[in-house]
Asker: 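First the structure, which I've put down as structure tokens, then a few questions once you've had a look.
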There are 2 protein chains.
Amino acid sequence: MDVKTLCLGVLSMGERSGYEIKKTVEESFHHFFRAGYGSIYPALAELERAGHVAGREVAQEGRPAKRVYGITATGRDLLGRTLVGEEPRHVVRSEFLVLMYFAHLLPAERLAAVLDTMIARFRDGLAADLDHYARTHDQLTAGQRFALGYGRTVVAAALDYLERHRETLLDEVTVSDASGRPQAGDALAAAGD
Amino acid sequence: MDVKTLCLGVLSMGERSGYEIKKTVEESFHHFFRAGYGSIYPALAELERAGHVAGREVAQEGRPAKRVYGITATGRDLLGRTLVGEEPRHVVRSEFLVLMYFAHLLPAERLAAVLDTMIARFRDGLAADLDHYARTHDQLTAGQRFALGYGRTVVAAALDYLERHRETLLDEVTVSDASGRPQAGDALAAAGD
DNA sequence: AGCTGGATATATCGAGTCGATACATCGTGA
DNA sequence: TCACGATGTATCGACTCGATATATCCAGCT
């Protein structure tokens with residue numbers, strides 16, 4: 001599934017501009033999908049060229065004019081066929097966990113800082129999520145509640161893991177650093193070659 | 001962090017060919033990172049050009065010759081600096097959850113099939129993971145145990161959520177379909193193309 | 001009055017990634 | 001013998017990401 005399909009899906013819930021599509025994705029798909037303008041605008045252009053969406057200019061007072069897109073009948077058809085036809089992918093790409101995998105190459109302060117950053121990020125994300133859910137949950141479909149609930153559950157589990165293993169990891173890494181193995185900070189300081 | 005850094009990291013654990021790097025990533029980073037040949041081979045070529053890794057041909061009997069790379073001193077230095085300097089990203093891209101978000105556009109059988117596919121995938125992944133962990137856990141560093149444990153915990157939480165909400169979602173979607181709203185399967189059957 | 005920062009809005013470019021594919025060698029089992 | 005799968009290197013097009021440019025308007029500060 002590419003951003004084209006995502007746009008069709010969002011537009012199936014109502015007319016939106018490119019900017020507003022990105023806002024919707026950020027709010028509703030926060031935990032499991034993202035899309036930048038560099039993907040959205042070309043996708044919209046291609047969809048319009050193919051007749052799956054129709055755009056029209058909308059003047060606004062107090063802010064720039066926008067181009068609002070609506071999904072067409074063929075667009076709805078394409079969306080249905082794409083959702084049925086593609087196998088469901090689910091990919092995690094975590095540079096954070098790669099960093100943790102190589103924790104023994106990091107200075108202890110850096111390790112602690114990274115851990116704290118992620119804990120804060122997950123906490124904030126969860127709070128924003130809960131807030132968004134509370135404001136909208138009575139208008140959501142079963143599928144929307146399911147997807148949002150999944151994200152919330154998984155992030156909560158991740159946060160819990162981080163909080164419960166932070167100290168242990170920090171201790172173990174410090175101990176093994178102290179036991180003779182050189183740490184990256186040292187190597188760096190000595191690296192003068 | 002790009003695949004170049006990933007390669008340096010893997011090579012810091014020992015010499016490997018491009019093919020073997022991919023194997024290592026699949027085994028050890030299964031839950032949180034992946035890299036294809038289309039990224040690994042160019043990364044290796046660029047790293048060698050810059051002097052961060054050194055490659056040599058190794059003949060093998062009974063299988064094709066391979067080109068094995070080892071990390072150099074400047075490579076180790078670059079790895080340390082990169083791991084310290086980059087902010088930790090963590091991105092999930094789940095077409096599966098987008099699909100669930102739009103569950104009301106899916107025929108019930110398709111929805112059930114997608115759910116079952118994901119449950120099976122997570123179950124298998126978890127089993128392979130447990131197996132890999134059991135075979136290697138006494139040689140792992142604290143950071144490696146932490147990263148692997150994170151992956152295991154999060155996948156287990158996801159699997160649990162899926163198993164506990166599968167029936168509910170299926171019921172709710174079926175009910176709302178029956179209550180008059182047309183479903184994608186109908187639209188598709190009527191579309192005649 | 002003037003200036004800055006931030007939200008709204010569209011658009012593009014280069015760098016990097018992904019998935020598919022091509023090619024080649026060798027062992028194993030039908 | 002012959003297809004298949006594992007090992008191995010390599011590349012190409014399509015797509016995505018992140019940064020950046022441009023522009024308008026409001027709110028708040030000096």
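Residue numbers begin at 1 in each chain, while the letters A, B, ... track the order of the sequences.
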Asker: Among C:dA9, C:dT12, D:dG8, find the nucleotide with the atom closest to the side chain of A:Pro42.
Answerer: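 So the side chain of A:Pro42 is nearest to C:dT12.
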Asker: The side chain of B:Arg93 is closest to which nucleotide in this list: D:dC17, C:dT12, D:dT7?
Answerer: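 Nearest nucleotide to the side chain: D:dC17.
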Asker: Does A:Ser17 put a side-chain nitrogen or oxygen below 4.0 Å from OP1 or OP2 of C:dT8?
Answerer: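 Indeed not, no polar side-chain atom of A:Ser17 lies that close.
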Asker: According to the interplanar angle, ranging from 0 to 90°, do the rings of A:Phe96 and B:His90 count as parallel (below 30°), tilted (30 to 60°) or perpendicular (above 60°)?
Answerer: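 It falls in the perpendicular class, over 60°.
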Asker: Between the side chain of A:Ser39 and the main-chain N/O of A:Ala35, is any donor-acceptor distance below 3.5 Å?
Answerer: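 Checking the backbone N and O of A:Ala35 against the side chain of A:Ser39, no donor-acceptor pair under 3.5 Å is found.
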Asker: Measure the distance from CG on A:Leu44 to P on C:dA11 and round it to the nearest whole Å.
Answerer: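 The answer, rounded to whole Å, is 9 Å.
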Asker: Nearest whole angstrom, please: distance from the C1' of C:dC18 to the CZ of B:Phe33.
Answerer: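 Value for this atom pair: 12 Å.
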Asker: Would you call the rings of B:Tyr161 and A:Phe146 parallel, tilted or perpendicular if under 30° counts as parallel and over 60° as perpendicular?
Answerer: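 Answer is tilted, since the angle falls between 30° and 60°.
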Asker: Where the side chain of B:Tyr41 is defined as all heavy atoms beyond and including C-beta, which of D:dT16, C:dT8, D:dT11 is the nearest nucleotide?
Answerer: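 Given the options D:dT16, C:dT8, D:dT11, the side chain of B:Tyr41 is closest to D:dT11.
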Asker: Is A:Tyr41 reaching over with its side chain to a backbone N or O of A:Gly36, donor-acceptor style, under 3.5 angstrom?
Answerer: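 Judged by distance alone, no pair lies under 3.5 Å.
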Asker: Please report, rounded to the nearest Å, how far the P atom of C:dG16 is from the CD atom of A:Glu95.
Answerer: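 Going from CD in A:Glu95 over to P in C:dG16 covers 13 Å.
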Asker: I need the NZ-P distance between A:Lys22 and C:dT12, as an integer number of Å.
Answerer: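 Going from NZ in A:Lys22 over to P in C:dT12 covers 17 Å.
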Asker: Please report the interatomic distance NE2(B:His132) to CG(B:Leu140), rounded to the nearest 0.5 Å.
Answerer: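 These two atoms lie 7.0 Å from each other.
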Asker: Rounded to whole Å, how long is the line connecting atom CZ of B:Arg16 with atom C1' of D:dT7?
Answerer: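 Atom-to-atom, B:Arg16 to D:dT7, this comes out as 16 Å.
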Asker: Can you measure A:Leu6 atom CG to D:dC15 atom P for me and round it to whole angstrom units?
Answerer: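 So the CG-P distance, A:Leu6 to D:dC15, works out to 15 Å.
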Asker: Please answer whether the main-chain N or O of B:Glu95 pairs with a side-chain N or O of A:Arg89 as donor and acceptor at a distance below 3.5 Å.
Answerer: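 A pair under 3.5 Å: no.
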Asker: OP1 or OP2 of D:dT7 sitting under 4.0 Å from any side-chain N/O of B:Tyr19?
Answerer: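 Result: yes.
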Asker: Quick one: are B:Leu148 and A:Tyr101 in side-chain contact, heavy atoms under 4.5 Å?
Answerer: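 B:Leu148 reaches A:Tyr101 side chain to side chain.
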Asker: Side chain of A:Lys23, heavy atoms from C-beta onward: which of D:dT7, C:dT8, C:dA9 has the nearest atom to it?
Answerer: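 The listed nucleotide nearest to A:Lys23's side chain is C:dT8.
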Asker: Classify every nucleotide of nucleotides 19-25 of chain C by which part a protein heavy atom approaches to under 4.0 Å, writing B for the base, S for the sugar-phosphate alone and - for neither, in 5'-to-3' order.
Answerer: B-----B
Asker: As a test of reading the structure: which of C:dT12, D:dT11, D:dT16 is closest to the side chain of A:Asp2, going by heavy atoms?
Answerer: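 Taking heavy atoms from C-beta onward, the closest nucleotide is D:dT16.
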Asker: Expressed in angstrom and rounded to an integer, what is the separation of B:Ile40 atom CD1 from D:dT7 atom P?
Answerer: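 Computing the B:Ile40:CD1 to D:dT7:P distance gives 14 Å.
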Asker: Taking atom P of D:dT24 as reference, at what distance in whole Å does atom CD of A:Glu57 sit?
Answerer: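 Atom-to-atom, A:Glu57 to D:dT24, this comes out as 15 Å.
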